[in-house]
Amino acid sequence: MSLYGAAKAVIAPATRTLWPIEADGVDHVPARGPVILASNHLSNIDPLFIGVAVPRPVVFIAKEELFADGNAAQRALTRALRGLGQLSVDRKPGQSAQEAMDNSLQVLREGNVFGIFPEGTRSPDGRLYRGQTGLAWLALSSGAPVVPVALYGTDRILPHGRTVPVLRRVGMRFGPAVDLSPWQGEAGRARSRRAATDAIMAAIQRLSGQEQVPRFAATVKAEMEEERADRDGTGRG
């Protein structure tokens, strides 16, 4: 048994006991070969549930902050993510977004399952935000199919600002691979990347039922932080 398999044999039953998982359409994930799982993003704990529900090993390249050594709950999450083969990335000054994409492309070239949250950050309010076009670049450059995934309920388990998870049921839906043939061979064209990414986000929305917002989540988060700072009297204005 692989290290991933051994870790999952321990982590998956414990996770399913604490948070019963209802997963529909997992058979849309190919049994072999490279595939991209593109999911909405509601909570830092999202990669754990996708990793538990999918039979094959899933690699996420997650931000370094997710692998925090804080309280007992944070340490447990860190151990679970690392046990399931997740890679942490420290986005140091000078590291390009293209470098991160190249690392992700290598995961697919090795025939693995790659998980990505195209919104780029957690939804600030439960709605589905605009996708980052790096997703389409990966798909069109690798030729890997993109399976849309919709998570629901994870925002109530570990919402932003909470450090101790709540015990609740988790659900997810997997859809058929998105048809990206209209943009095949056009990874280098910005308009094609945008259109392909929008098609993937539309597929996620059909599964999740979320209200779709034509803005980037990071921009909305920054505006919310600025408004909060102004209310608290800590803004620069």
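Computed from heavy atoms alone, side chains included, the values below leave out hydrogens, waters and symmetry copies.
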Hydrophobic clustering (ILVMFWY, side-chain heavy atoms < 4.5 Å, transitive) - are [Y] and [X] grouped together?
X	Y	answer
Met172	Leu207	no
Val213	Tyr152	no
Val10	Val52	no
Leu105	Trp183	yes
Met201	Val220	no

Quiz item: Does the side chain of Met101 reach to within under 4.5 Å of the side chain of Leu138, using non-hydrogen atoms?
Solution: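 Heavy-atom side-chain distance check passes, below 4.5 Å.
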Quiz item: If we only count heavy atoms from C-beta on, is the Ile204 to Pro118 side-chain gap below 4.5 Å?
Solution: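 Yes; the side chains approach each other to less than 4.5 Å.
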Distance-only, no hydrogens or angles: does the [X] side chain make a donor-acceptor pair with backbone N or O of [Y] under 3.5 Å?
X	Y	value
Arg56	Pro30	yes
Lys8	Pro57	no
Trp19	Val166	yes
Arg130	Pro214	no
Gln212	Leu128	no
Asp24	Arg173	no

Which atom names give the shortest non-hydrogen contact between [X] and [Y], and what distance separates them?
X	Y	answer
Pro55	Val26	CD-CG1, 3.5 Å
Pro34	Leu108	CB-O, 3.2 Å
Ile116	Phe60	N-CE2, 3.9 Å
Ala136	Arg193	CB-O, 3.3 Å
Val178	Pro148	CG2-CD, 4.0 Å
Tyr129	Glu119	N-OE2, 2.8 Å

Exercise. Could you walk me through whether Leu48 and Thr154 pass the side-chain contact (heavy atoms from CB on, under 4.5 Å) test, one step at a time?
Key: CA-CA 10 Å; Leu48 175 64; Thr154 60; over 6 Å; no
Reported [atom1]-to-[atom2] distance for the pair [X] and [Y], which is rounded to 0.5 angstrom:
X	Y	atom1	atom2	value
Glu225	Glu227	CD	CD	10.0 Å
Asp125	Leu42	CG	CG	10.5 Å
Arg16	Glu22	CZ	CD	11.0 Å
Asp155	Ile45	CG	CD1	12.0 Å
Ser39	Ile50	OG	CD1	4.0 Å
Asp46	Leu151	CG	CG	5.0 Å

Self-check item: Parallel, tilted or perpendicular, as decided by the 30° and 60° cut-offs, for the rings of Phe117 and His41
Solution: parallel
Practice problem: Decide side-chain contact (heavy atoms from CB on, under 4.5 Å) for Arg191 and Arg194; before the verdict, give the C-alpha distance in whole Å, the side-chain angles of both, and the deciding distance to 0.1 Å. | Solution: CA-CA 5 Å; Arg191 287 187 178 181; Arg194 179 75 267 160; 5.6 Å; no
Quiz prompt | Gln184, CD: over 12 other non-hydrogen atoms inside 6.0 angstrom | solution = no
Self-check item: Option from Ile21, Val149, Val54 for which side-chain contact (heavy atoms from CB on, under 4.5 Å) with Phe49 holds
Solution: Ile21
Quiz prompt | Leu180 and Ile200: CA distance, side-chain angles, deciding distance, side-chain contact (heavy atoms from CB on, under 4.5 Å) verdict | solution = CA-CA 9 Å; Leu180 300 181; Ile200 296 167; 4.1 Å; yes
